[in-house]
> 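Here it is, the structure, as structure tokens.
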Amino acid sequence: MEANHTVQPIEGELSPSETVEHQTTQPIEEEISAFETAENETAQPIEGETSPSETVPETTSEPTTAVIVLGDAIIFRPSNEVLSATIFSKEALASCLDNQAEPSSISSLHLIVKANSISTLYDADAIPNFVPVLSPGAEFSVHVMENASDEDIDTIKISLVLANFRVVNEELHEGGTRVLTAKLVE
């Protein structure tokens with residue numbers, strides 16, 4: 001049974017037409033859960049690598065995974081390991097990573113949308129705008145939650161192909177979620 005409801009913004013919250021940019025580690029399938037590490041975990045050196053007793057300058061690296069949520073498909077917890085943006089308008093999709101990701105820095109991009117939001121929030125023309133921030137051979141996964149129509153899935157596939165991606169996998173998960181995974185053609 002599916003409940004229909006309208007979410008009203010609480011005073012001080014953003015309206016649905018505003019873009020929210022934040023960083024997150026909320027797991028998306030197994031790819032993002034790999035970024036979670038236990039606190040106080042001691043790393044063991046791999047043969048040929050620096051041992052824990054040797055001093056190595058600490059480096060800060062930029063996130064290589066980005067998550068874009070269209071509408072209220074899912075909510076994330078902020079973190080420094082994964083870039084994310086929550087979009088509430090079709091027009092905001094094209095530029096949602098502009099100020100967050102460096103050119104060629106993202107190796108894995110996830111776009112999450114509910115099936116009933118595809119026509120109102122998914123902008124097929126925005127997909128080529130993500131190419132400059134993706135590294136060569138990057139993966140782009142579109143997670144469509146709740147039973148999408150074949151027409152909606154075809155729209156997403158065509159937009160990926162037109163943006164120079166090759167669809168390499170399509171999975172059907174429990175609850176009707178479909179995941180299209182595409183690779184950037186070099």
Side-chain angles (χ1 to χ4, degrees), residues 19 21-37 46 59-71 73-74 76 79-87 90-115 117-186:
T19 300
E21 295 180 357
H22 57 280
Q23 297 180 329
T24 182
T25 56
Q26 179 67 27
I28 296 186
E29 309 297 328
E30 295 173 7
E31 298 96 39
I32 294 178
S33 64
F35 289 101
E36 295 180 350
T37 56
I46 297 173
T59 61
T60 57
S61 61
E62 294 297 316
T64 60
T65 298
V67 177
I68 302 169
V69 179
L70 302 182
I74 196 166
F76 292 101
S79 169
N80 293 330
E81 297 173 352
V82 178
L83 294 177
S84 75
T86 301
I87 307 303
K90 189 179 257 190
E91 297 77 25
L93 181 59
S95 61
C96 67
L97 293 179
D98 285 357
N99 296 322
Q100 292 192 69
E102 296 295 321
S104 302
S105 65
I106 302 298
S107 61
S108 181
L109 175 60
H110 298 268
L111 189 140
I112 305 167
V113 61
K114 285 185 179 178
S117 296
I118 291 173
S119 64
T120 57
L121 295 176
Y122 185 83
D123 182 5
D125 295 332
I127 303 308
N129 293 333
F130 300 126
V131 173
V133 300
L134 297 175
S135 60
E139 283 192 352
F140 186 176
S141 297
V142 180
H143 304 253
V144 183
M145 316 230 349
E146 304 170 356
N147 305 307
S149 70
D150 288 338
E151 183 179 322
D152 287 336
I153 296 299
D154 287 344
T155 297
I156 293 168
K157 285 180 181 177
I158 290 169
S159 69
L160 291 168
V161 169
L162 290 175
N164 205 30
F165 288 92
R166 183 180 71 244
V167 178
V168 295
N169 195 21
E170 181 175 350
E171 298 174 4
L172 178 61
H173 294 268
E174 192 174 316
T177 296
R178 290 169 77 171
V179 180
L180 299 172
T181 301
K183 284 217 173 241
L184 185 59
V185 177
E186 296 178 36

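Computed over heavy atoms, backbone and side chain alike; hydrogens, waters and symmetry mates excluded.
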> For the residue pair Ala148 and Ile153, what are the closest heavy atoms and their distance?
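That closest heavy-atom pairing would be CB-CD1, 3.9 Å.
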> What heavy-atom pair brings Glu146 and Ala115 nearest, and what distance separates the two atoms?
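That would be O-CB, 2.9 Å.
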> Can you tell me how the ring of His143 sits relative to the ring of His110, calling it parallel under 30°, perpendicular over 60° and tilted otherwise?
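It falls in the tilted class, 30° to 60°.
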> Closest approach of Asn147 and Gly176, non-hydrogen atoms and distance?
OD1-CA, 3.0 Å
> Look up atom CD in Glu170 and atom OG in Ser141, then write down how far apart they are to the nearest 0.5 Å.
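Taking CD in Glu170 and OG in Ser141, the distance rounds to 12.0 Å.
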> Stepwise, does the side-chain contact (heavy atoms from CB on, under 4.5 Å) test hold for Phe165 with Leu134?
CA-CA 11 Å; Phe165 288 92; Leu134 297 175; 3.4 Å; yes
> Looking at Val161, Ile118, Val167, which hits side-chain contact (heavy atoms from CB on, under 4.5 Å) with Ile156?
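Single side-chain contact (heavy atoms from CB on, under 4.5 Å) partner of Ile156 among Val161, Ile118, Val167: Ile118.
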> If you round to the nearest 0.5 Å, how far is CG of Asp150 from NZ of Lys157?
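The distance works out to 8.0 Å.
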> Could I get the full list of side-chain contact (heavy atoms from CB on, under 4.5 Å) partners for Ala101, not counting sequence neighbours?
Leu83, Ser105, Ile106, Val133
> Could you pull out the closest heavy-atom pair between Ala94 and Asn129, with the gap in Å?
CB-ND2, 2.9 Å
> Please output the side-chain donor-acceptor pairs of residues 119-127 that fall under 3.5 Å, not counting sequence neighbours, one pair per line with the distance.
| unit_1 | atom_1 | unit_2 | atom_2 | d |
| --- | --- | --- | --- | --- |
| Thr120 | OG1 | Ser117 | O | 3.3 |
| Tyr122 | OH | Ser159 | OG | 2.5 |
| Asp123 | OD1 | Asp125 | N | 3.1 |

> Would you call Thr65 and Glu81 a side-chain contact if the rule is heavy atoms closer than 4.5 Å?
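Contact flag for Thr65/Glu81 side chains = no.
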> May I ask you to test the Leu184-Phe140 pair for a side-chain heavy-atom distance under 4.5 Å?
no
> If I take atom CG from residue Leu70 and atom NZ from residue Lys114, how far apart are they, to the nearest 0.5 angstrom?
12.0 Å
> Just to verify, which of Thr86, Val113, Leu93 counts as forming a side-chain contact (heavy atoms from CB on, under 4.5 Å) with Ile68?
Leu93
> side-chain contact (heavy atoms from CB on, under 4.5 Å) with Glu91: which residues, sequence neighbours excluded?
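Once residues adjacent in sequence are excluded, the partners of Glu91 under the side-chain contact (heavy atoms from CB on, under 4.5 Å) criterion are Ser89.
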> Donor-acceptor pair, distance only, cut-off 3.5 Å: does the side chain of Ser107 make one with the backbone of Thr64?
yes
